[in-house]
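Here's the structure we're looking at; comments come further down.
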Amino acid sequence: MKKILYLIAIAITMISCKKQQNDFVTFSGKIIDKNSDSIVLSNNQLKFKKVIKVNKNGEFKDTLNIKDNFYRLFDGKEVTTLYLKNGATINMTLDTKQFDETVTYTGIGANESNFLAKSALLEEVLFKNENLFKLSKEDFNIKISDYITQFNTRIKESKLDSTFITIQQEDIIGLEKYVNRTFADKLYLATELAKGMASPKFVDYENNKEGMTSLDDLKGKYVYLDIWATWCNPCKKEIPSLQKIEKQYHNKNIKFVSISVDNKKDHEAWKKMIVDKQLTGIQLFADNSWRSKFITGYVISSIPRFILIDPQGNIISSNAPKPSSPKLIELFKSLNL
């Protein structure tokens, strides 16, 4: 009887320990040439943020109560993504001189994070090739197909959490759609919106002078277009540079036109910002935000976007330099402006 009770006690203890093990993650590691005295683990969606101290030797260790998910690790300079699941005991090693190339994980639950590290490295190599979107359609398809095949092979050969696999498979489908759409957009820009082609037109866009303006109204002048929105911080950062260039070329044969793609509900915010920031040039409000024919005609999917049109209404550049770039002045000089 005592033996049976003893065995039951052991079984209960083992179950208890196993349950306790699943309640936290042990995360440790060593960073060579550390960038900071701490690292930060975070997940904005979960509103999770944990600062972990790194000692003088680059070593750290902590125990975390978390939800199984993807986490962002910031070392004070660079970022990587890892997957943490309760019950894991993971050790990370990293040399900051070759961050992506050296980040490695060992221990229980390390496979997913190693998979992510390898994916990040391969993705960096893929997109680092500046000629990727300049390839022929056939060569581009081969390149992307090889990348996806390699991804699927790694998925099959690695022992990974089933939830993690599902998310990664969804992500690779999303990546494939993104690169194919980007390739199609760039091909369209290089052909249908090439230099010398007739520009898509905007017609009767509301201006801030309580009137209407069309592209045809500006014929005989070069037109530098700034596509922006009141909520777009990168757009607003370009405003001082744009104002400076507008002033510099005020008496030249060029018009500076800013087209807002704000939604109709933000119409008053657009008018207010024009006043508050003393915006100059011709200020227009697109008739249907992102779905305006002029915006879709230039396949604009992100802002700010800058376009330069010649006095005959033909495209000089469908993706012109931004106002803060010295290349814009170089372009103007090449046109004898």
Side-chain angles (χ1 to χ4, degrees), residues 16-128 154-155 158-172 174-175 178 231-234 236-237 302:
S16 177
C17 288
K18 187 174 182 181
K19 185 177 180 181
Q20 184 180 12
Q21 184 184 32
N22 288 333
D23 287 340
F24 60 86
V25 172
T26 300
F27 184 47
S28 61
K30 182 170 184 178
I31 301 173
I32 300 172
D33 283 332
K34 62 178 184 171
N35 289 316
S36 173
D37 291 331
S38 63
I39 57 173
V40 180
L41 273 178
S42 62
N43 181 311
N44 291 335
Q45 290 182 330
L46 297 177
K47 296 181 179 179
F48 173 89
K49 183 177 180 180
K50 175 73 173 182
V51 178
I52 302 174
K53 291 295 182 181
V54 179
N55 69 22
K56 62 180 181 179
N57 296 320
E59 299 170 339
F60 64 88
K61 185 174 183 179
D62 206 339
T63 301
L64 312 166
N65 292 105
I66 58 160
K67 291 185 178 180
D68 302 353
N69 215 306
F70 296 84
Y71 291 83
R72 176 182 184 269
L73 185 148
F74 178 60
D75 80 326
K77 186 176 181 181
E78 298 198 55
V79 173
T80 191
T81 301
L82 61 158
Y83 185 80
L84 298 178
K85 185 175 182 179
N86 285 322
T89 303
I90 297 178
N91 183 269
M92 182 188 81
T93 55
L94 168 66
D95 186 338
T96 61
K97 289 181 179 178
Q98 290 185 300
F99 191 97
D100 293 328
E101 293 81 2
T102 61
V103 59
T104 307
Y105 305 90
T106 56
I108 300 170
N111 289 347
E112 289 77 15
S113 294
N114 279 322
F115 185 90
L116 290 173
K118 181 67 173 178
S119 293
L121 189 58
L122 292 174
E123 191 171 311
E124 181 181 348
V125 172
L126 177 68
F127 289 107
K128 196 173 183 179
R154 290 193 299 116
I155 280 276
S158 304
K159 294 181 179 180
L160 302 169
D161 177 81
S162 59
T163 301
F164 178 88
I165 290 174
T166 300
I167 294 171
Q168 289 300 291
Q169 288 173 333
E170 291 173 353
D171 285 351
I172 197 66
L175 178 64
Y178 166 76
W231 46 262
C232 170
N233 287 326
K236 290 184 281 190
K237 285 182 180 178
S302 63

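With hydrogens and angles ignored, the 3.5 Å screen pairs no side-chain donor or acceptor of Asp75 with any backbone N or O of Asn35. No donor-acceptor pair closer than 3.5 Å links the side chain of Glu112 to the backbone N or O of Phe164. Distance alone, capped at 3.5 Å, is enough to place a donor-acceptor pair between the Lys34 side chain and the Asn55 backbone. Side chain of Ser36 to backbone of Ser38: a donor-acceptor contact under 3.5 angstrom is found. Although no hydrogens or angles enter the test, the distance criterion places no donor-acceptor pair under 3.5 Å between the side chain of Asn44 and the main chain of Lys47. Here the side chain of Asn86 pairs a donor or acceptor atom with the backbone of Ile66 at under 3.5 angstrom. Here the side chain of Thr26 pairs no donor or acceptor atom with the backbone of Thr63 at under 3.5 angstrom. Of the possible polar contacts, one joining the Thr102 side chain to the Asp95 backbone as a donor-acceptor pair under 3.5 Å is found. The backbone N or O of Phe70 sits less than 3.5 Å from a side-chain atom of Asn43, completing a donor-acceptor pair.
If you take CG on Leu94 and CG on Asp100, they are separated by 9.0 Å, rounding to the nearest 0.5 Å. Here the straight-line distance linking atom CZ of Phe27 with atom CG of Asp62 works out to 9.5 Å at 0.5 Å rounding. In this structure, the separation between OH on Tyr71 and NZ on Lys50 is 12.5 Å, given to the nearest 0.5 Å. Between the CD1 atom in Ile155 and the OG atom in Ser119 there is a gap of 7.5 Å [rounded to 0.5 Å]. Summarising the geometry, atom CD1 belonging to Ile31 is positioned 5.5 Å from atom CD1 belonging to Ile39; distances are rounded to the nearest 0.5 Å. Taking CD of Glu101 as the reference point, atom CD of Glu124 lies at 6.5 Å (rounded to 0.5 Å).
Minimum heavy-atom separation, Phe74 to Arg72: CB-NH1, 3.9 Å. Closest heavy-atom contact between Gly87 and Val25: N-CG2, 4.5 Å. Closest approach of Tyr105 to Val103, counting heavy atoms only: OH-CG2, 3.5 Å. In terms of heavy atoms, Lys53 sits closest to Phe60 at O-CB, 3.3 Å.
Two residues are said to be in side-chain contact when any heavy atoms from C-beta on lie closer than 4.5 Å; Met92 and Leu73 meet this criterion. In this structure, Lys118 and Asn114 have side chains that are not in contact, with every pair of non-hydrogen atoms separated by 4.5 Å or more. Within the 4.5 Å cutoff, no side-chain heavy atoms of Leu84 are placed close to those of Phe48. Residues Leu160 and Gln168 have side chains not in contact (no heavy-atom distance under 4.5 Å, counting atoms from C-beta outward). Between Val54 and Asp37 there is no side-chain heavy-atom pair separated by less than 4.5 Å. Counting only heavy atoms from C-beta outward, the side chains of Thr163 and Asp68 never approach each other to under 4.5 Å. Thr93 has its side chain out of reach of Thr106: every pair of non-hydrogen atoms, C-beta onward, lies at least 4.5 Å apart. With contacts defined as side-chain heavy-atom distances shorter than 4.5 Å, the pair Asn111/Tyr83 does not qualify.
Shown here is Lys85, whose NZ atom has no more than 12 heavy atoms of other residues, nucleotides or ligands within 6.0 Å. Atom CG of Asp33 has more than 12 neighbouring heavy atoms from other residues, nucleotides or ligands inside a 6.0 Å radius. The local environment of NZ in Lys236 is crowded, with over 12 non-hydrogen atoms from other residues, nucleotides or ligands closer than 6.0 Å.
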